[in-house]
Amino acid sequence: MSKVIPLADRRPASGADDARLAFVREAAFGAAPPAAAPADGLGRLLHDLRISVTDRCNFRCVYCMPKDVFGRDYPFLPHADLLTFEEIARVAARFVELGVRKIRLTGGEPLLRRNVERLVELLAGIAPDLDITLTTNGSLLARKARDLAAAGLKRVTVSLDSLDDATFRAINDADFPVAKVLEGIDAAAAAGLAPVKVNAVIKRGVNESSIVPLARRFRGTGHIVRFIEYMDVGATNGWRMDDVVPAAEIVATLGREFPAAPVEKNYQGEVAERWRYLDGGGEFGVIASVTQAFCRDCTRARLSTDGKVYTCLFATDGWDLRTLLREGASDGQLRSAIAAIWRQRSDRYSEIRTAETAKERKVEMSFIGG
Ligand code: SAM
Ligand code: SF4
Ligand code: SF4
C-alpha cells in the first residue's frame, strides 16, 4: 500500500495563502502598470521562466518521485486545475514583457501532456528571439522530437543518470531501459534540437561509477553532459548531505581520465560550471547547487502546473495567478501582479541551507519542475 499525501500537503499551503492571494490581487487591480524589467530585493533581474506542464510522470526516480509516496493512489491534479495552453501562453507573454528571454518546459514529464507541441507553437509566437527549451526523461522523445522542432522548440535537455541498464532501471524505478533514452537523444539531434544537454544527477553509492562512462559516451558527439549534485528538493526523497557527491569531486574524477580546463559562462545566471576537454572532445558541465550555491545570480521564476509562481526551487508557497486569470484580469493587470511578486523576492535558500532547513516541507520538484 502506498503512502498517500493529501493534496494540500503536496502543494504546500499555509494560512499565508489568503494573504498571498490578497497581495496578488492588490498588485493586479490596485497599482499602476509597472516599468519593464523589475529587479528583486537583491537586485536580480528576471531572465528565465520554467513552466511545469504536468505533475505526472511515467518514471518514479528515487530522488524525485519515490514510489512509496507517488504510488497508485497518489492524488495528481485534476485536469480542471491545470492551466490551459492559452493561459500558460498569456502568462508567459507577460513574463517576456518583464524581461524573460528563456523559457523551459518541464514537469513531471512534459511529453506526457497531450499536444505539448501546440504549447511550444504558442510560446514561439510570443517573440522571435525567445529561447524555448524542454527538459525530458527522453522516454517519448524518439516519437516527438520532429514535431517539437517543427513547432519552434530550439533545444532539449535529456535526463540520463547512467549508461548501465541495471543502475538506470533501479533509479527510474519504472524498468525503463537506457537504449530507449539514447534513441530519443539521437532523434532530437536528427531533428535539429542540438546540441543536446544530458543531465545526470549523481547520488553517493548509487551511480558514481557512471560518471566516467557517461562522459566517454558523449565526448566527441557535440552533446554536453551536465553532472548535477543531488539536492534536497521537496520533502519526500529523504535527502542527506552524505548522499551528495560534490561537483569538485566529479571534476577531479573526470580530470584524471580526460584532462579538462574551465570555460567562461555563456551568460550571468548560467547555473552550470563549464569544462572543456583539452583534446578537443567538447565540453561537460557540473551543477554545484549544494556545495557552491549560485543564488546571487539566480534569475529564474517557476510557474507550476496549477498556475502558481514560485520564486525559488525550494519555496514552500507560490503566488496564485490562476485565480487572477479566471477572474478576468487584463494583460496589464497580470503584468503588474508578476512584477510585484518579483520585486518582493529575496530567496537565497542554497546559500543558507542547513541540515534543519533541508528537512522543511517544500514544494515537490515534480510539481514545479526542475
Ligand atoms: N521529467 C523530466 C526529466 O526528468 O528530465 C523533467 C522534470 S525533472 C524534475 C527535471 C530535472 O530535475 C531532471 O534532470 C532531474 O534529474 C532533476 N532532479 C530531480 N530531482 C532531483 C534532485 N533531488 N536533485 C537534483 N536534481 C534532481
Ligand atoms: Fe519523472 Fe523527471 Fe522526476 Fe524522474 S526526475 S521522476 S523523470 S519528473
Ligand atoms: Fe535560485 Fe532558490 Fe536555487 Fe538559490 S536556492 S539558486 S534562489 S532557486
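Both ligands and their constituent atoms are indexed starting at 1 by order of listing.
Listed by number with element, the atoms of ligand 1 under 4.0 Å from a non-hydrogen atom of Asn199 are 14 (O). Those atoms of ligand 1 that come under 4.0 Å of a heavy atom in Gly108, given as number and element, are 1 (N), 2 (C), 6 (C), 7 (C). In the vicinity of Gly107, heavy-atom distances shorter than 4.0 Å reach the ligand 1 atoms 7 (C), 9 (C). Listed by atom number, the atoms of ligand 1 under 4.0 Å from Asn137 heavy atoms are 2 (C), 3 (C), 5 (O). Each of the following atoms of ligand 1 lies closer than 4.0 Å to a heavy atom of Ser159: 3 (C), 4 (O), 5 (O), 13 (C), 14 (O). Each of the atoms 1 (N), 2 (C) of ligand 1 lies under 4.0 Å from some heavy atom of Glu109. Within ligand 1, counting atoms from 1 as listed, the ones closer than 4.0 Å to a heavy atom of Thr106 are 6 (C), 7 (C).
Here the CD atom belonging to Glu249 is positioned 10.0 Å from the OG1 atom belonging to Thr291, to the nearest 0.5 angstrom.
Phe70 does not carry Arg60 over the face of its six-membered ring by the limits of under 6.0 Å from the centre and within 45° of the normal.
Of the polar atoms of Cys64, none of the N or O atoms is found under 3.5 Å from an N or O of ligand 1, judged by distance alone. Taking only nitrogen or oxygen atoms, main chain and side chain alike, Tyr230 does not reach within less than 3.5 Å of ligand 1.
Proximity of Thr135 to ligand 1, defined as any heavy-atom pair under 4.0 Å, is shared by backbone and side chain alike. For Thr136, every heavy-atom contact with ligand 1 shorter than 4.0 Å involves the backbone, none the side chain. At a 4.0 Å heavy-atom cut-off, ligand 2 touches Cys57 through the side chain alone.
Distances from atom 1 (Fe) of ligand 3 under 2.8 Å pick out these protein N/O/S atoms: Cys298 SG.
Contacts of Thr167 classified as side chain to side chain donor-acceptor pair (under 3.5 Å), with partners at least two apart in sequence or in another chain: Asp164. Partners of Phe168 by ring-ring contact (aromatic ring centres under 6.0 Å, His included), not counting sequence neighbours: none found.
In this pair, Trp319 and Phe23 present their aromatic rings tilted. The plane angle is within the 30 to 60° band.
Residue Arg296 places its CZ atom among 12 or fewer non-hydrogen atoms of other residues, nucleotides or ligands, all under 6.0 Å distant.
The residue from Thr54, Val201, Asp243 that puts a heavy atom closest to atom 27 (C) of ligand 1 is Val201. When Gly108, Cys61, Ser52 are checked for heavy-atom proximity to atom 8 (S) of ligand 2, Gly108 turns out nearest.
Pairs passing the salt bridge (charged side-chain N to carboxylate O under 4.0 Å, His left out) check and including a residue from residues 118-136, sequence neighbours excluded, read Arg118-Glu121, Asp131-Arg155.
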